[in-house]
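Note sheet for the following structure.
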Amino acid sequence: MLSLSVLCFSCKKFLDLQPEDKYTENQTYSTVRGFQTALNGIYLGIVSDDLYGGKLTISIADILAQRYNLSSDHIYYKIGSQAYTDVQSMSAMAGIWTSGFHQILACNKLLEALKKDKDVLKPGDRAIMKGEAYALRAMLHFDIFRLFGPVYDSPDSTAAKVPYYSLANGKEAPLIPGNRMMDSILIDLDSAAANLTNDPVLTKGVELFVPNEDNFYRRRNLRLNAFAVRALQARVLLYRKDKVGALAAATDVINKASGYFPWVKPDSILAEKTNPNRVFSTEILLGLYNSNLYNQQDKYFSGKATTSTILAPTDAKLSTAFDGNVNDYRYGPCWIVPTTGGKSYRCFAKYEDVVDRGRNWRYIQPLIRMSEMYFIAAEATTVQADAINYLNVIHKNRNVPDLATTAVIATELQKEYRKEFFGEGQLFFFYKRKKITSVPTGGAASTVTISYNIPMPTAESVIR
């Protein structure tokens with residue numbers, strides 16, 4: 001009888017056991033700190049080398065835009081040569097796909113837990129976390145779609161190539177048409193904005209310190225804050241060819257966020273010889289804390305980088321990109337001939353570390369800038385004078401002469417995207433959105449015909 005009772009007790013215990021992953025999730029979401037850790041974990045995940053800490057900003061995205069002069073032994077030479085079906089190319093691109101959908105799954109699990117939560121979080125905290133999670137899911141889907149999806153031809157583009165995952169069940173989702181993909185992304189961004197109506201950034205800006213709190217709302221420029229979500233809406237709407245909506249979103253950010261995200265002061269770039277603010281940190285609407293940033297700088301841009309990893313255009317192509325204006329804040333201070341490593345040409349210095357370890361822009365990987373809102377507004381407006389004015393605001397704050405009133409906006413925008421977003425991954429997506437096929441190179445050839453047919457990884461299991 002004793003043995004039987006022990007057996008029955010053991011069986012009951014066994015039947016009450018939860019799967020390990022479910023038990024872990026329940027434990028995670030039982031405290032405020034657990035929810036915060038889960039959200040922080042997504043931010044840490046998306047700043048990996050496969051995503052915004054590397055391939056989507058520093059390396060592959062800009063290589064796809066033909067920015068650099070790659071040697072034949074470079075690790076991404078095949079990608080630069082548009083040999084997208086090469087084994088190494090496929091492997092590198094699959095890493096973006098895999099990591100992106102893993103983080104989307106993490107967003108879905110967090111959103112599921114936030115919807116179930118009734119008493120762990122305060123309503124205001126729950127809303128902000130939901131807002132960030134929706135925005136993260138939208139941003140990840142958008143960039144996977146921009147990379148692997150077809151050229152988006154119209155607001156109702158129907159070509160299907162990428163799935164949209166909104167559930168945490170890990171089941172395979174079908175490929176959907178581009179218009180439905182855009183609908184889903186914009187719905188998520190609307191949900192994000194609705195949940196971020198009380199984001200402290202709207203009234204108190206970036207550097208918020210709350211006494212006797214855990215400072216979860218400090219440094220809102222390192223999170224998908226309300227202004228960053230609105231800016232992302234502008235980016236997505238322009239990609240969808242909705243210029244009216246894009247203009248409204250961009251000007252909304254310009255009008256409401258400028259006081260909290262001011263233009264970088266020239267002295268902080270030029271006079272600060274040991275601590276130059278080359279990332280123009282005050283203008284970053286959304287950046288990520290990339291603890292690997294200076295390792296990436298050394299690997300891809302420094303004088304000590306080898307020919308198998310260094311990313312640099314020829315001096316002649318670099319000068320052409322900046323119209324020969326070495327006084328442009330994005331050129332002279334950010335491209336220098338290194339004193340070590342034997343390089344005789346200018347190397348990219350934007351992400352070099354500074355001497356003062358207390359500077360608050362250290363480790364920031366920029367994702368969305370205030371300047372992009374001016375570019376979007378200039379492209380979306382139908383008034384030539386307004387477009388010129390938007391671009392001249394950029395020129396004034398980059399030490400570039402004003403444009404003539406007869407300037408061709410499309411030409412000037414392409415120039416500005418080339419100058420503004422080195423190391424940030426936006427140029428390739430600009431070319432693709434505009435369906436530009438002949439683009440300048442960073443090497444010997446003058447131009448190259450660019451291909452946007454990047455194959456989707458075939459192993460669907462990578463997303464689970």
Side-chain angles (χ1 to χ4, degrees), residues 40-63 67-70 74-76 92 95-96 99 103 206-207 218-219 221-223 264 268-313 318 329-343 345-369 420-427 442:
N40 288 341
I42 298 172
Y43 282 102
L44 289 173
I46 68 171
V47 80
S48 68
D49 180 62
D50 273 329
L51 296 172
Y52 300 107
K55 292 177 181 177
L56 288 178
T57 53
I58 288 171
S59 58
I60 285 180
D62 269 0
I63 291 170
R67 281 193 181 275
Y68 302 118
N69 182 33
L70 304 185
H74 197 281
I75 58 173
Y76 291 134
I96 299 173
S99 296
Q103 296 310 316
V206 172
E207 296 290 343
R218 192 168 179 263
R219 302 289 300 277
N221 58 333
L222 298 182
R223 317 291 289 235
V264 66
S268 71
I269 310 167
L270 304 176
E272 282 277 10
K273 299 302 182 184
T274 56
N275 302 296
N277 187 355
R278 297 188 180 103
V279 296
F280 306 170
S281 64
T282 57
E283 307 170 13
I284 297 174
L285 292 162
L286 172 65
L288 297 177
Y289 185 87
N290 183 1
S291 62
N292 195 41
L293 183 62
Y294 303 122
N295 291 329
Q296 298 283 55
Q297 167 70 31
D298 287 345
K299 178 179 179 180
Y300 292 114
F301 304 121
S302 74
K304 63 179 128 178
T306 66
T307 57
S308 65
T309 62
I310 194 165
L311 297 176
L318 184 64
Y329 300 147
R330 299 163 296 189
Y331 184 19
C334 294
W335 291 89
I336 58 176
V337 178
T339 56
T340 59
K343 306 295 190 297
Y345 49 85
R346 289 179 181 265
C347 293
F348 193 49
K350 184 159 90 175
Y351 296 133
E352 277 192 2
D353 200 359
V354 293
V355 174
D356 183 355
R357 299 297 192 259
R359 297 299 170 115
N360 62 11
W361 64 78
R362 293 185 70 235
Y363 295 104
I364 289 183
Q365 179 75 60
L367 293 193
I368 305 177
R369 292 186 172 278
E420 187 77 4
F421 298 113
F422 266 105
E424 298 182 27
Q426 293 304 314
L427 182 61

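For the atom pair NZ of Lys343 and CD1 of Ile336, the computed distance is 13.0 Å after rounding to the nearest 0.5 Å. For the atom pair CZ (Arg219) and CG (Asn221), the distance works out to 5.5 Å, reported to the nearest 0.5 Å. From Arg223, atom CZ reaches atom CG of Asn40 across 4.5 Å, with rounding to the nearest 0.5 Å. Separation of atoms CD1 (Ile58) and CG (Leu311) is listed at 9.5 Å; rounding is to 0.5 Å. Atom NE2 of His74 is separated from atom CD1 of Ile310 by 8.0 Å, given to the nearest 0.5 angstrom. Expressed to the nearest 0.5 Å, how far CG of Leu222 lies from CG of Asn290 amounts to 11.5 Å.
Side-chain atoms of Glu352 do not come within 3.5 Å of backbone N or O of Gln297 as any donor-acceptor pair. Judged by distance alone, with hydrogens and angles left aside, the side-chain atoms of Asp356 form no donor-acceptor pair with the main-chain N or O of Asn275 at under 3.5 Å.
In this structure the side chain of Pro276 reaches within 4.5 angstrom of the side chain of Val354, judged on heavy atoms. Under the 4.5 Å side-chain criterion, counting only non-hydrogen atoms from C-beta, Leu288 is in contact with Tyr43. Side chains of Asn277 and Glu272 form no contact here, defined as non-hydrogen atoms less than 4.5 Å apart. In this structure, Trp335 and Pro313 have side chains that are in contact, with non-hydrogen atoms separated by less than 4.5 Å. In this structure, the side chains of Ile75 and Lys299 come closer than 4.5 Å at one or more pairs of heavy atoms.
Taking the side chain to side chain contact (heavy atoms under 4.5 Å, CB included) definition, one finds that Glu424 meets it with Lys350, Tyr351, Pro366, Arg369, Phe421, sequence neighbours left out. A search for ring pair (Phe, Tyr, Trp, His ring centres under 6.0 Å) contacts involving Phe301 returns Phe348, not counting sequence neighbours. Here Thr307 pairs with Ser71, Asp73 under the side chain to side chain contact (heavy atoms under 4.5 Å, CB included) rule; sequence neighbours left out. Under the rule for a side-chain hydrogen bond (donor to acceptor under 3.5 Å, both in side chains), Tyr331 has no partner lying at least two apart in sequence or in another chain. Contacts of Ala92 classified as side chain to side chain contact (heavy atoms under 4.5 Å, CB included), with partners at least two apart in sequence or in another chain: Lys55, Ile60, Tyr76, Ile79. Take Asp353 and apply the side chain to side chain contact (heavy atoms under 4.5 Å, CB included) test, not counting sequence neighbours, and it matches Tyr294, Arg357, Arg362.
In terms of heavy atoms, Gly287 sits closest to Ile364 at CA-CG2, 4.3 Å. Annotation for Ala61 and Thr57: closest pair CB-N, 4.4 Å, computed over non-hydrogen atoms. Of all heavy-atom pairs between Gly53 and Gln296, the closest is O-NE2, 2.9 Å. For the pair Asp50 and Ser99, the tightest heavy-atom approach, listed with the atom from each and the gap, is OD2-OG, 3.2 Å. Pairing each heavy atom of Pro333 with each of Ala349, the nearest pair is O-CB, 4.5 Å. Shown here for Leu51 and Ile96, the closest heavy-atom pair between the two residues is CD2-O, 3.6 Å.
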Exercise. Go through Phe280 and Ile269 one step at a time and tell me if the side-chain contact (heavy atoms from CB on, under 4.5 Å) criterion holds.
Key: CA-CA 8 Å; Phe280 306 170; Ile269 310 167; 3.4 Å; yes

Quiz prompt | Intermediate values then yes/no, side-chain contact (heavy atoms from CB on, under 4.5 Å), Lys304 and Thr340 | solution = CA-CA 7 Å; Lys304 63 179 128 178; Thr340 59; 5.6 Å; no

Quiz item: Could you walk me through whether Ser291 and Leu44 pass the side-chain contact (heavy atoms from CB on, under 4.5 Å) check?
Solution: CA-CA 9 Å; Ser291 62; Leu44 289 173; over 6 Å; no

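Using the six-membered ring where Trp is involved, Phe422 and Tyr68 have ring planes that are tilted, between 30° and 60° apart.
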